[in-house]
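Reminder, nothing fancy here: chain letters follow the sequence lines and each chain counts from 1.
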There are 2 protein chains.
Amino acid sequence: MRTVDPAKHEAKRRHIIESAASCFARAGFDKTTVADICTAAGISSGSLFHYFPSKRAVFTAIFEQDGRDNAERLAAAVDSDDPWGAVLEQVEYMARSLADPEAAGLAFEVVAQAGRDSELAELVTRDDREVREKLAVLLRRAAQQGQIDASIEPATAATWVVGLVDALYTRAGADSEFAPAEQLGTLRLILAGFLRAESRSP
Amino acid sequence: MRTVDPAKHEAKRRHIIESAASCFARAGFDKTTVADICTAAGISSGSLFHYFPSKRAVFTAIFEQDGRDNAERLAAAVDSDDPWGAVLEQVEYMARSLADPEAAGLAFEVVAQAGRDSELAELVTRDDREVREKLAVLLRRAAQQGQIDASIEPATAATWVVGLVDALYTRAGADSEFAPAEQLGTLRLILAGFLRAESRSP
DNA sequence: GTCTATATACCGATAGAC
DNA sequence: GTCTATCGGTATATAGAC
């Protein structure tokens with residue numbers, strides 16, 4: 001016989017997290033004030049601190065949520081019959097996220113913040129490792145099925161798959177004329193040159 | 001008959017810039033206070049504001065200097081007799097910069113800041129374009145000499161050369177076990193698979 | 001040119017009524 | 001659980017003596 005409804009509590013938390021994410025993406029962590037988040041979420045500061053112990057905790061919660069979403073998506077892909085196709089699908093999914101300017105802004109912000117917050121750095125590192133491990137599983141199976149060159153270590157291959165997606169983000173950030181959607185073909189070409197067996201013996 | 005010595009003025013500016021760069025790399029732009037910079041530089045805030053109109057101007061000055069340095073280095077490389085070798089040398093140079101944790105921290109910080117400062121964004125974009133244009137010149141000559149596949153547009157090739165170096169930075173930032181020096185070989189392999197003519201007809 | 005001292009403003013977090 | 005009001009701390013930039 002609880003007096004609180006856990007579902008409602010969770011929904012409100014989500015609402016605050018989403019409002020905050022938009023603020024952080026636009027202005028960065030430090031220049032986003034608690035008042036900004038409260039205005040965006042339509043609540044008071046007293047209420048925000050009822051749900052989160054600090055402004056930083058709101059920021060961190062965004063990436064805890066993101067890590068869970070990523071893990072779920074990859075867990076669903078890991079049993080695919082076409083592992084190489086599944087890898088390419090994941091690359092395309094990650095590239096599509098870039099179309100949302102909010103996601104791109106947050107991605108840069110979290111890395112910058114992680115550089116001086118060891119707790120956040122650990123969270124980011126853990127999520128990143130999980131993504132690479134799941135990709136490595138797919139890549140190992142792709143090699144076993146002869147879809148890609150078996151001589152490349154799956155972990156190394158996974159690292160560079162993620163690295164190439166990273167490059168899509170950094171290039172879009174540094175060069176306003178860079179169109180990620182148009183460059184996805186080149187990315188696939190680079191990946192094929194690196195990993196695909198047939199490209200080595202045409 | 002000037003009363004001020006321009007060389008001394010410039011030297012002091014440099015000293016402030018270098019002290020500030022170290023602070024910004026460690027704590028980020030927003031969490032670095034003017035007082036921090038002054039302590040690091042051994043001056044007072046009154047003195048700092050004699051050389052720079054604002055804290056942001058100090059930050060920007062770091063990347064104006066960096067842009068000039070990059071342009072100079074690439075201008076010296078652009079006439080090389082071995083253009084493909086020169087490209088690889090530049091890649092190695094940029095990768096080596098990553099060994100300095102200060103440079104890596106600043107790189108993430110400037111991108112995050114550029115996302116909300118259009119003037120800084122313009123500066124970063126301009127510097128980045130200059131690097132890519134010089135690399136494109138080298139890559140075009142490399143194709144003419146048969147060192148690389150001539151069917152790939154030099155501008156696109158240059159974009160991805162820089163993108164792969166970016167990946168070195170992001171991977172080092174996201175994964176503490178990633179060793180850039182060890183991964184340089186894989187980077188070269190990926191570049192070769194993408195660009196080198198002989199890798200397509202071995 | 002360099003300093004000290006400070007104006008002015010804002011922010012994160014808390015207290016406590018309802 | 002949500003609000004209003006506010007405290008304590010800190011930041012950039014300026015003023016003005018030397």
Side chains of B/Ser22 and B/Glu18 in contact at under 4.5 Å (non-hydrogen atoms): no

N/O (side chain, B/Tyr51) to phosphate O (OP1/OP2, C/dG1) under 4.0 Å: no

Candidates D/dT2, C/dG1, D/dT12 - which lies nearest the side chain of B/Phe49: D/dT12

Parallel, tilted or perpendicular, as decided by the 30° and 60° cut-offs, for the rings of B/His9 and B/Tyr51: tilted

Which residue lies more 5' along DNA chain C, comparing A/Gly46 with A/Asp30 via nearest heavy atoms: A/Asp30

Touch class at under 4.0 angstrom, heavy-atom based, for A/Ser45 against every strand present: base

Sugar-phosphate only, base, or nothing, as touched by A/Ser44 at under 4.0 Å among non-hydrogen atoms: base

Sugar-phosphate, base or nothing in reach of B/Lys12, heavy atoms under 4.0 Å: sugar-phosphate

Test ring-ring contact (aromatic ring centres under 6.0 Å, His included) applied to B/Phe108 and A/Phe108, step by step: CA-CA 7 Å; B/Phe108 288 122; A/Phe108 288 122; 8.5 Å; no

Nucleotide nearest B/Thr33 (side chain, heavy atoms from C-beta), chosen from D/dT12, C/dG12, C/dC3: D/dT12

N or O in side chain of B/Ser47 less than 4.0 angstrom from C/dC3 OP1/OP2: yes

Gap between atoms NE2 and C1', on A/His50 and C/dG16 respectively (whole Å): 15 Å

A/Asp66 and A/Asn70: CA distance, side-chain angles, deciding distance, side chain to side chain contact (heavy atoms under 4.5 Å, CB included) verdict: CA-CA 6 Å; A/Asp66 191 54; A/Asn70 276 336; 3.7 Å; yes

